[in-house]
J.: 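Quick one: the structure is below, and I'll ask about it shortly.
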Protein chains: 2
Amino acid sequence: MTATAGLTAKGAATRARIVATAADLVLARGVGGTSLDDVRAGTLTSKSQLFHYFPGGKSELVLAIAELQMQRVLQAQQPYLETLDTWAAWDGWRDALVAYYGSQAHWGCPIGTLVSELVGTDPAAAAEVVGHLNRWRGHLRDGLSRMRDGGLLRPDADPERLALAAFASVQGGLLLAQALQSIEPLSAALDAALAALHAAAPVGHPGVAPHRTISG
Amino acid sequence: MTATAGLTAKGAATRARIVATAADLVLARGVGGTSLDDVRAGTLTSKSQLFHYFPGGKSELVLAIAELQMQRVLQAQQPYLETLDTWAAWDGWRDALVAYYGSQAHWGCPIGTLVSELVGTDPAAAAEVVGHLNRWRGHLRDGLSRMRDGGLLRPDADPERLALAAFASVQGGLLLAQALQSIEPLSAALDAALAALHAAAPVGHPGVAPHRTISG
DNA sequence: ACAATATTGGACCGGTCGGTCCAGGCGCTC
DNA sequence: GAGCGCCTGGACCGACCGGTCCAATATTGT
């Protein structure tokens, strides 16, 4: 579904190079802090190429960046994300996220920081990025739904609300990771999110004890 | 400690008016999306006044905005924030936060969104805003420390880490609130954060059951 | 080989941005 | 009431930014 129609292999490669480089720049300096000239310089291209591959201008480029980052982050959560219906899967998911973001030079969610910047300046683009966020969040909710149906969560547990909370921990953890320049906030936030999930397990059936939460 | 030296009452009022209006604009459109001309138009002032009251230019204005928003949000958490050493106080704190942000037209943490935008474009300003964040977070940690000393948390609980997680829930909840245009994410995130805190209580002494977490 | 199409380079433009400058108005003090 | 320092208005500037345009070059299909 990516806009790669009518592109030769060379063209597609150039387009990919532009998106990848621009993604790094935006991650480091934000959308507003990254000019098209910066992208041009960083990719050894010319202004016309930017508008050739992204006729919609900066907005379209930002959208492509969001799509790329979304692919990356979803990839990093495989195979746990699709099967978040056991406690073990959630543990694996947690570790995969910490490992992925811990391996990067910059922190801050490439998607989350985007929305807070686009809302109010580019609502159309923001809406599309929010769609990505919802897709991600949907995986969490679906897993929790299956856990509830399978008796791993109490019948009155609300998968939608629990997923919202867990996802908020991810986003907040990454925001603080960016602020404090450390992976620790994400790690702590995820541990707490899992502890909150365990608290929604049936009494006397609490799964594995989330001991990681309380002792650093 | 605010830079109000050598200001007439009239001057101080003008300065305050500028900061208040600029704060709203920045909250709605972000730092990059708010120009000094926007501020000028919104305050019925002139360019020279902006630089008269904020010789450091936009950076200094942003810092003043951050300070104002910090005062506001701390004020909204009174009196719970200073005495977060009982479960009741945490419940009150949760409700105060939801009430405060629910009453606003725009969501998104006025401080949190600032750092993600300033990191990478204005590191000096970002550092100062992070200082505000740490001050806020410190209150949570101090409360948890006292709870542990008082036996309300297990001796091996880590107040620093727990505070980090709870604060991440606040920030993440607000980020999602901004994205989804609803207060629900903040509410869900805070409930989960409290559930995680309860999970660090001594066994057989779990305080009040965090029933709000699982059923919406 | 040759035409159609994809790709590239870079000059150029209008608008906007943060920031400077100076001249005049206002209110306080002695 | 006269001087002095805070306050205000707005023209102005250089830099930068997103975006357009056109000409030139490579690549592909036949």
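Note on naming: letters A, B, ... go to the chains in the order of the sequence lines (proteins, then strands), and numbering restarts at 1 for each one. Because only heavy atoms are used, hydrogens play no part in the values below, and waters and symmetry mates are left out as well, while side chains stay in. Bear in mind the structure is a predicted one, so any value in this text is a computation, not a measurement.
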J.: Any non-hydrogen side-chain atom of L63(B) less than 4.5 Å from a side-chain atom of F54(B)?
T.: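 Result no, sub-4.5 Å side-chain heavy-atom pair not found.
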J.: Which of residues 16-26 of chain B have a heavy atom under 4.0 Å from DNA chain D?
T.: none
J.: Rounded off to whole Å, could you give me the NE2-to-P distance for the H52(A) and dC22(D) pair?
T.: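 Result: 17 Å.
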J.: Check the angle between the aromatic planes of W87(A) and H198(A) and answer parallel, tilted or perpendicular using the 30° and 60° thresholds.
T.: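 W87(A) vs H198(A) ring planes: parallel.
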J.: With the side chain counted from C-beta on, respond yes when V170(B) and W93(B) share a heavy-atom pair under 4.5 Å apart, and no when they do not.
T.: yes
J.: Does dC21(C) have OP1 or OP2 under 4.0 Å away from a side-chain N or O of S48(B)?
T.: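 For S48(B), the contact criterion (side-chain N or O under 4.0 Å from OP1 or OP2 of dC21(C)) is not met.
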J.: So does Y53(B) get a side-chain nitrogen or oxygen closer than 4.0 Å to the phosphate oxygens (OP1/OP2) of dT8(D)?
T.: yes
J.: Does V26(B) form a side-chain contact (heavy atoms from CB on, under 4.5 Å) with Q69(B)? I'd like the steps, not just the answer.
T.: CA-CA 11 Å; V26(B) 166; Q69(B) 295 286 30; over 6 Å; no
J.: Output one letter per nucleotide in nucleotides 24-30 of chain D: B when a protein non-hydrogen atom lies under 4.0 Å from the base, S when only the sugar-phosphate is that close, - when neither is.
T.: --SS---
J.: Looking at side-chain heavy atoms only, is the closest gap between L133(B) and L180(A) below 4.5 Å?
T.: no
J.: L7(B) has an atom CG; how far is it from atom C1' of dC26(C), in whole Å?
T.: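 Going from L7(B) (CG) to dC26(C) (C1'), I get 15 Å.
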J.: In this structure, how many angstroms lie between the P atom of dG9(D) and the CD atom of Q49(B), rounded?
T.: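 To the nearest whole Å, that distance equals 5 Å.
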J.: Check nucleotides 12-19 of chain D against the protein and report each pair of N or O atoms closer than 3.5 Å, with its distance, or say if there are none.
T.:
residue: dG18(D); atom: OP1; partner: K58(A); partner atom: NZ; Å: 2.6
residue: dG18(D); atom: OP2; partner: L36(A); partner atom: N; Å: 2.8
residue: dG18(D); atom: N7; partner: K47(A); partner atom: NZ; Å: 3.4
residue: dG19(D); atom: OP2; partner: K58(A); partner atom: N; Å: 3.0
residue: dG19(D); atom: N7; partner: K47(A); partner atom: NZ; Å: 2.9
residue: dG19(D); atom: O6; partner: K47(A); partner atom: NZ; Å: 2.6

J.: Between V31(B) and K58(B), is any pair of side-chain heavy atoms under 4.5 Å apart?
T.: yes
J.: Between R146(A) and D149(A) (salt bridge meaning N to carboxylate O under 4.0 Å), is one present in this structure?
T.: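 Salt bridge: no.
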J.: Using a strict cut-off of less than 4.0 Å between a Lys/Arg side-chain nitrogen and an Asp/Glu carboxylate oxygen, indicate whether E67(B) and R72(B) qualify as a salt bridge.
T.: no
J.: To the nearest Å, give me how far apart CG (L50(A)) and P (dG9(C)) are.
T.: 12 Å
J.: Can you tell if the side chain of D158(B) reaches within under 4.5 Å of the side chain of R148(B), non-hydrogen atoms only?
T.: no
J.: From CZ of R40(B) over to P of dA11(D), roughly how many Å is that when rounded to an integer?
T.: 10 Å
J.: Taking side chain to side chain contact (heavy atoms under 4.5 Å, CB included) as the criterion, tell me which of V115(B), V119(B), I111(B), L118(B) meets it with V130(B).
T.: V115(B)
J.: Counting the benzene-type ring for Trp, do W107(A) and Y101(A) have ring centres under 6.0 Å apart?
T.: no
